[in-house]
Amino acid sequence: MYVFGYGAPIGFRLEMRQPERVLGIVSQNGNIYQEGLGPKWAERAKYWANPTPELRA
């Protein structure tokens, strides 16, 4: 599996659903930890935790 940038966490979530299908992981500039997202993602994290139409706007 090849992951990069801010899409890396999505790739890892997909991998966790069927780990037997992944032979290896190549990560290029992929954040693999929450702290790596930084403060600019705080508002988005609120939406991820509670995906309401108001927070989406």
Tyr2 atom OH, over 12 foreign heavy atoms within 6.0 Å = yes

Same cluster (ILVMFWY, side-chain, under 4.5 Å), Trp48 and Leu55 | yes

d(Thr52 OG1, Tyr47 OH) to nearest 0.5 Å is 7.5 Å

Closest heavy-atom pair and its distance - Ala8, Gly30 = CB-CA, 3.7 Å

Is Val3 reachable from Val26 through a run of hydrophobic residues whose side-chain heavy atoms are each under 4.5 Å from the next?
-> no

Does any pair with a residue in residues 45-57 pass salt bridge (charged side-chain N to carboxylate O under 4.0 Å, His left out), and if so which ones, sequence neighbours excluded?
-> Glu43-Lys46

Flag yes if more than 12 heavy atoms outside Asn29 fall under 6.0 Å of its CG atom; otherwise flag no.
-> no

Donor-acceptor list for residues 13-23 side chains, cut-off 3.5 Å, not counting sequence neighbours:
from: Gln18; atom 1: OE1; to: Arg21; atom 2: NH1; distance (Å): 2.7

